[in-house]
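Before any comments, here is the structure.
Residue numbers start from 1 in every chain, and the chains themselves are labelled A, B, ... in the order their sequence lines are given, proteins ahead of strands. Worth knowing before you read on, the calculation uses all heavy atoms, side chains too, and leaves out hydrogens, waters and symmetry mates.
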Number of protein chains: 2
Amino acid sequence: MDVKTVCLGMLTDGPASGYDLKKEFESSFAHFFAAGYGSIYPALSSLAEDGLVDCELVPQDGKPDRKVYRITDTGRAFLLEALENTTPCHKVRSEFLATMCFAHLMRPEVVEAVLDNRLADIARYQELFRELETSCDQDWPAGAEFVLGFGKAMTAAMETYIRDNRHKLAAKPVATTAAG
Amino acid sequence: MDVKTVCLGMLTDGPASGYDLKKEFESSFAHFFAAGYGSIYPALSSLAEDGLVDCELVPQDGKPDRKVYRITDTGRAFLLEALENTTPCHKVRSEFLATMCFAHLMRPEVVEAVLDNRLADIARYQELFRELETSCDQDWPAGAEFVLGFGKAMTAAMETYIRDNRHKLAAKPVATTAAG
DNA sequence: GATGCATAGTATCAAAACGATATATAAACA
DNA sequence: TGTTTATATATCGTTTTGATACTATGCATC
């Protein structure tokens with residue numbers, strides 16, 4: 001389940017350009033699957049090369065031409081197979097937690113700042129979730145609702161945990177730091 | 001906060017080989033920061049080249065020589081600066097959630113299998129957490145405890161959410177799937 | 001007695017992804 | 001007038017991934 005497959009999946013919703021897909025990665029997918037242009041454009045080229053999508057050039061006045069991609073029957077079949085033949089993983093890559101592992105080497109006020117920063121980031125996600133909910137609340141497939149709810153549950157748990165446990169990070173100052 | 005910095009941080013705990021660090025990535029760091037040999041060895045080489053760590057060759061009988069790395073004063077200073085001068089991110093990369101977005105394209109029994117698989121994965125993490133707790137319970141820096149607790153809270157929230165909401169994924173079957 | 005697997009250890013490589021930047025145009029804004 | 005925002009595609013060096021290779025011992029299985 002790489003960027004290619006996710007792009008292909010997004011295209012089951014209707015034809016779209018790379019730019020369109022990027023916006024989707026930044027909204028409904030933002031909390032669990034990031035992808036930049038450096039991944040999306042090569043992915044779409046590769047999908048087109050493999051015949052899994054068709055590409056239509058749509059000229060525009062002033063702006064650059066749009067390359068609108070549409071999933072093919074082959075692509076649809078490929079996607080179904082890809083969806084059913086994997087055991088999808090769920091990975092966290094947290095510089096935040098890595099930093100907190102070394103909190104005892106940091107000045108307490110910096111640790112506090114990092115925690116505040118994380119809470120602010122969580123708040124941004126929560127606002128995004130509210131927007132997603134209000135903008136298009138009905139007609140969503142069950143999966144999309146499940147995924148949104150998942151994101152809400154995770155951020156809520158994260159927020160609660162940080163608020164309830166941040167005091168412990170300040171509590172244990174290390175004597176000398178000289179372990180050499 | 002890349003693999004290099006995390007390795008450097010791990011070395012504040014005492015000298016270690018790439019193999020040792022890999023084991024740490026697989027245990028206490030497993031739930032939030034993955035790294036393979038392909039990242040660790042180049043990271044250590046680069047750190048040594050920059051004078052942030054020293055490398056000592058320790059011959060062994062039968063087995064290959066160990067390359068034991070030790071953080072230098074320069075390295076320690078570099079680490080402190082790196083820890084204090086960033087706003088560390090926290091990213092999720094979930095093929096699982098991406099798959100669930102397209103649950104309406106999948107056979108219900110496959111969706112169920114994916115969910116069961118995820119729960120099993122969560123159970124493995126929970127067992128790892130129990131092991132980490134029992135093996136070295138006192139003398140941990142506050143940060144390590146915070147991070148372990150964070151992992152426990154997240155996996156617990158994940159498990160609860162999946163158990164409470166999985167029925168919704170089966171509830172809304174799509175009529176034709178032919179949207180093209 | 002051979003095969004396979006686990007442990008201990010270092011190392012490399014292609015492919016993928018990341019993150020930033022370049023390019024071009026127009027509208028809105030200060 | 002100058003800056004930002006939006007629309008759109010594209011590239012490119014660096015990092016990361018995931019798998020594999022290599023050496024060597026020991027232990028269990030066939």
Legend entry - Member of His31(A), His90(A), Lys91(A) meeting the side chain to side chain donor-acceptor pair (under 3.5 Å) criterion with Ser94(B): His90(A)
Legend entry - Lys4(B) and Ser46(B): side chain donor to acceptor below 3.5 Å: yes
Inset, instruction - Return the residues of residues 120-129 of chain A meeting this criterion: a heavy atom under 4.0 Å from some atom of DNA chain D. Order them by number, or give none. - result: none
Legend entry - Atom pair distance, as rounded to whole Å: OH in Tyr41(B) and C1' in dT16(D): 17 Å
Legend entry - Spacing between Lys67(A) atom NZ and dA10(D) atom C1', to the nearest angstrom: 9 Å
Inset, instruction - Could you check how far CE of Met1(B) sits from P of dT15(D), rounded to whole Å? - result: 16 Å
Legend entry - Interatomic distance, Tyr37(A) OH vs dG13(D) C1' [rounded to whole Å]: 20 Å
Legend entry - Cation-pi, Phe33(B) ring and Arg93(A) (6.0 angstrom, 45 degrees): yes
Inset, instruction - Could you tell me which non-hydrogen atom of Phe96(A) sits nearest to which non-hydrogen atom of Phe146(B), and how far apart they are? - result: CZ-CE2, 4.1 Å
Inset, instruction - Look at all strands and tell whether Lys22(B) reaches a base, only sugar-phosphate, or nothing, counting heavy atoms closer than 4.0 Å. - result: nothing
Legend entry - 5' priority, DNA chain C, between Cys89(B) and Tyr69(B) [closest heavy atom]: Tyr69(B)
Legend entry - Asn117(A) side chain to Ala113(A) backbone, donor-acceptor under 3.5 Å: no
Inset, instruction - Select one nucleotide: of dT10(C), dT9(D), dA16(C), the one nearest the side-chain heavy atoms of Asp2(A). - result: dA16(C)
Legend entry - Any Arg93(A) side-chain nitrogen or oxygen under 4.0 Å from OP1 or OP2 of dT15(D): no
Legend entry - Sugar-phosphate, base or nothing in reach of Lys91(A), heavy atoms under 4.0 Å: sugar-phosphate
Legend entry - Heavy-atom pair with the smallest gap, counting every atom of Gly36(B) and Lys22(B): CA-CE, 4.0 Å
Inset, instruction - Check every strand shown and say whether Gly18(B) touches a base, only sugar-phosphate, or nothing at a heavy-atom separation below 4.0 Å. - result: sugar-phosphate
Inset, instruction - Measure from OH on Tyr19(A) to P on dT25(C) and round the result to the nearest Å. - result: 17 Å
Inset, instruction - Please work out whether the ring planes of Tyr161(A) and Phe150(B) are parallel, tilted or perpendicular, with thresholds of 30° and 60°. - result: perpendicular
Inset, instruction - Could you check how far NZ of Lys23(B) sits from C1' of dT10(C), rounded to whole Å? - result: 14 Å
Legend entry - Toward the 5' end of DNA chain C, by each residue's nearest nucleotide, Pro42(B) or Ser39(A): Pro42(B)
Legend entry - Gap between atoms CG and P, on Asp65(A) and dT25(C) respectively (whole Å): 13 Å
Inset, instruction - Would you kindly give the CZ-to-P distance between Arg66(A) and dT9(D), to the nearest whole Å? - result: 7 Å
Legend entry - Ser17(A) side-chain proximity, nearest of dG9(C), dA8(D), dT17(D): dA8(D)
Legend entry - Closest listed nucleotide, where the reference is the side chain of Val3(A) and the choices are dT7(D), dA17(C), dA8(C): dA17(C)
